[in-house]
A.B. asks: 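Take a look at the following structure, please.
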There are 2 protein chains.
Amino acid sequence: MALTYTSYIVLGLLEHCPGITPYELKGVVAQSVGNFWSVPHTQVYTEPARLAAEGYLKEERERGGRRRKRYTITAKGKSALREWVASPTSEFTELRDPGLLQLWMGADPVALGMVQAEVHRRRLEQYLEIRDTLPPGAPPGPAATLESGIGHEREWVRFWERLARDGA
Amino acid sequence: MALTYTSYIVLGLLEHCPGITPYELKGVVAQSVGNFWSVPHTQVYTEPARLAAEGYLKEERERGGRRRKRYTITAKGKSALREWVASPTSEFTELRDPGLLQLWMGADPVALGMVQAEVHRRRLEQYLEIRDTLPPGAPPGPAATLESGIGHEREWVRFWERLARDGA
DNA sequence: ACCGTCATGTAATCGGTTACATGATTCT
DNA sequence: AGAATCATGTAACCGATTACATGACGGT
């Protein structure tokens with residue numbers, strides 16, 4: 001079995017929050033990586049199970065109440081994560097933006113631009129708010145990632161607004 | 001059956017190049033939408049078949065030689081495409097960049113930045129070359145899409161180079 | 001006690017990807 | 001003629017998404 005990006009997300013978050021349940025994990029994802037990489041809630045339940053089956057995680061079941069599963073990262077899991085993080089990927093991300101696809105196919109630039117500009121303006125605002133409330137002692141990785149997101153959203157807004165205004 | 005983004009790519013390209021074979025389509029994809037939205041070659045064979053089964057395309061088989069299939073868009077296909085293009089999506093594209101994920105997880109910013117900056121510099125150059133060789137009478141959609149790609153690659157280069165230089 | 005929402009999964013589906021396989025052309 | 005590559009698919013697998021289902025908890 002190969003580890004996927006989802007796997008590394010689970011491993012990485014579980015390293016910081018050992019012994020949490022899938023539901024708690026869901027919340028952690030939403031407030032962190034989820035800002036630029038969505039993970040549907042069912043995967044938050046299935047992926048830890050997969051990882052546990054292969055020894056990357058340890059699975060414990062609560063006795064009473066909801067008998068829910070709590071996961072902890074193992075030594076094997078930690079080393080797999082470290083190994084991946086330590087070898088810089090040269091993987092390239094495509095834009096894969098549905099709006100761009102419509103634009104390519106000849107959609108009306110003004111109408112499309114207005115809708116998309118609005119969506120990205122809103123997202124940009126969210127990012128800026130998050131940056132404002134970032135605690136001083138926060139780890140550098142997430143902060144840097146946030147900066148990237150802000151830069152890209154600014155670019156998106158610039159692009160779509162120009163299109164909405166000039167129509168080309 | 002629902003139409004996917006891949007479906008619209010096939011429909012859109014087939015509208016411009018009626019009666020082509022999957023292999024030819026593969027080439028068209030590579031030189032157009034493929035720049036920002038990759039489609040594996042097997043899908044270029046399977047997706048037209050799916051679409052033809054639902055009446056969006058007409059499938060014809062050559063008599064001699066390789067007996068390959070040639071596809072043409074039908075009226076149903078055209079109207080489906082038009083309908084999609086005409087309703088501006090508010091779908092939001094996440095970054096989903098593996099490099100960003102590594103950065104978030106605490107990768108060394110300098111090492112990662114150097115690798116990623118190089119990748120994006122190269123891609124940016126490719127885009128600029130394409131822009132230079134763009135024929136004057138080209139349709140506006142692809143040109144605008146290209147501008148978007150250039151803007152984003154510039155942003156990526158700026159971001160990763162700063163990271164490689166300053167380490168934060 | 002009841003009702004609504006939160007929490008926690010399982011099952012089925014499906015597009016996308018990887019692997020494999022074979023038939024034409026082209027080149028030496 | 002044989003080798004290498006191009007062209008054209010088929011089959012199998014698998015992660016991701018959608019749908020469905022049920023159990024706990026909190027409030028009234």
Side-chain angles (χ1 to χ4, degrees), chain A residues 1-11 14 17 19-31 33-34 36-54 56-57 59-71 84 91-94 96 98 101, chain B residues 1-11 14 17 19-31 33-34 36-54 56-57 59-71 84 91-94 96 98 101:
Chain A
M1 167 193 122
L3 295 179
T4 114
Y5 292 129
T6 307
S7 311
Y8 292 117
I9 291 176
V10 171
L11 288 175
L14 234 44
C17 320
I20 65 177
T21 72
Y23 183 73
E24 291 163 344
L25 184 60
K26 192 177 69 164
V28 175
V29 168
Q31 289 184 348
V33 187
F36 66 99
W37 195 303
S38 83
V39 184
H41 95 276
T42 47
Q43 261 190 274
V44 176
Y45 286 93
T46 51
E47 185 63 22
R50 266 192 355 127
L51 290 172
E54 300 287 327
Y56 296 99
L57 299 179
E59 179 180 319
E60 281 167 314
R61 196 120 195 180
E62 288 182 348
R63 300 252 181 259
R66 299 195 167 164
R67 296 183 37 75
R68 56 199 163 171
K69 297 163 183 169
R70 295 196 163 271
Y71 292 94
W84 177 69
E91 204 68 27
F92 186 87
T93 305
E94 301 143 25
R96 271 201 180 246
L101 210 50
Chain B
M1 170 193 120
L3 295 180
T4 114
Y5 293 129
T6 307
S7 310
Y8 292 117
I9 291 177
V10 171
L11 287 176
L14 234 46
C17 320
I20 65 176
T21 71
Y23 183 73
E24 291 163 345
L25 183 60
K26 191 177 71 164
V28 175
V29 168
Q31 289 185 347
V33 187
F36 66 100
W37 195 303
S38 82
V39 184
H41 95 277
T42 47
Q43 262 190 273
V44 176
Y45 285 95
T46 51
E47 186 62 23
R50 263 188 2 122
L51 291 171
E54 300 288 326
Y56 296 100
L57 299 180
E59 178 180 318
E60 283 167 312
R61 195 120 195 180
E62 291 183 345
R63 300 253 182 257
R66 299 195 167 164
R67 294 182 38 74
R68 57 200 163 171
K69 299 163 183 168
R70 295 196 164 272
Y71 292 94
W84 177 69
E91 202 69 25
F92 186 87
T93 305
E94 301 143 26
R96 274 203 177 241
L101 209 50

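Chain letters run A, B, ... following the sequence lines, proteins first and then strands; every chain starts at 1.
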A.B. asks: State, with a plain yes or no, whether a side-chain heavy atom of A:Leu57 is found less than 4.5 Å away from one of A:Leu11.
C.D. replies: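 The answer is yes, as the side chains (C-beta and beyond) meet within the 4.5 Å cut-off.
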
A.B. asks: Do A:Arg68 and A:Pro22 make a side-chain contact, defined as non-hydrogen atoms from C-beta onward lying under 4.5 Å apart?
C.D. replies: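 A side-chain contact is absent here, since even the closest heavy-atom pair is not under 4.5 Å.
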
A.B. asks: Taking atom P of D:dG15 as reference, at what distance in whole Å does atom CG of A:Leu51 sit?
C.D. replies: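 A:Leu51 atom CG is separated from D:dG15 atom P by 11 Å.
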
A.B. asks: Do A:Leu3 and A:Tyr56 come within less than 4.5 Å of each other through their side chains, counting heavy atoms only?
C.D. replies: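 Yes; the side chains approach each other to less than 4.5 Å.
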
A.B. asks: Could you label the plane-to-plane angle of the A:Trp84 and A:Tyr8 rings as parallel, tilted or perpendicular, counting under 30° as parallel and over 60° as perpendicular?
C.D. replies: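 It falls in the parallel class, under 30°.
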
A.B. asks: If a protein heavy atom is under 4.0 Å from the base, mark B; if only from the sugar-phosphate, S; if neither, -; do that for nucleotides 16-21 of chain D going 5' to 3'.
C.D. replies: SBBB--

A.B. asks: Measure the distance from CD1 on B:Ile20 to C1' on D:dT8 and round it to the nearest whole Å.
C.D. replies: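 These atoms are roughly 14 Å apart.
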
A.B. asks: Of all residues at least two apart in sequence or in a different chain, which pass the side-chain hydrogen bond (donor to acceptor under 3.5 Å, both in side chains) check with B:Glu60?
C.D. replies: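 Per chain and number, B:Glu60 pairs via side-chain hydrogen bond (donor to acceptor under 3.5 Å, both in side chains) with no residue.
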
A.B. asks: Just the rounded figure in Å: distance from C1' of D:dG9 to OH of B:Tyr45.
C.D. replies: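 Computing the B:Tyr45:OH to D:dG9:C1' distance gives 7 Å.
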
A.B. asks: What is the separation between atom CH2 on B:Trp37 and atom P on C:dT17, rounded to the nearest whole Å?
C.D. replies: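 Answer to the nearest Å: 11 Å.
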
A.B. asks: Find the distance B:Leu3:CG to C:dC14:C1' and express it as a whole number of Å.
C.D. replies: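 Whole-Å distance recorded here is 14 Å.
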
A.B. asks: Check the distance between C:dG9's C1' and A:Glu24's CD and give it to me in whole angstrom.
C.D. replies: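 Between C1' of C:dG9 and CD of A:Glu24: 15 Å.
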
A.B. asks: Find the distance A:Arg61:CZ to D:dG23:P and express it as a whole number of Å.
C.D. replies: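 For the pair A:Arg61 CZ and D:dG23 P, the rounded distance is 13 Å.
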
A.B. asks: Evaluate the side-chain hydrogen bond (donor to acceptor under 3.5 Å, both in side chains) criterion for residues B:Thr6 and B:Glu47: first the C-alpha distance (whole Å), next the side-chain angles of each, then the deciding distance (0.1 Å), finally the verdict.
C.D. replies: CA-CA 8 Å; B:Thr6 307; B:Glu47 186 62 23; 5.6 Å; no

A.B. asks: Take atom OH of A:Tyr8 and atom C1' of D:dG15, then tell me their distance rounded to the nearest Å.
C.D. replies: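 From A:Tyr8 OH to D:dG15 C1': 15 Å.
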
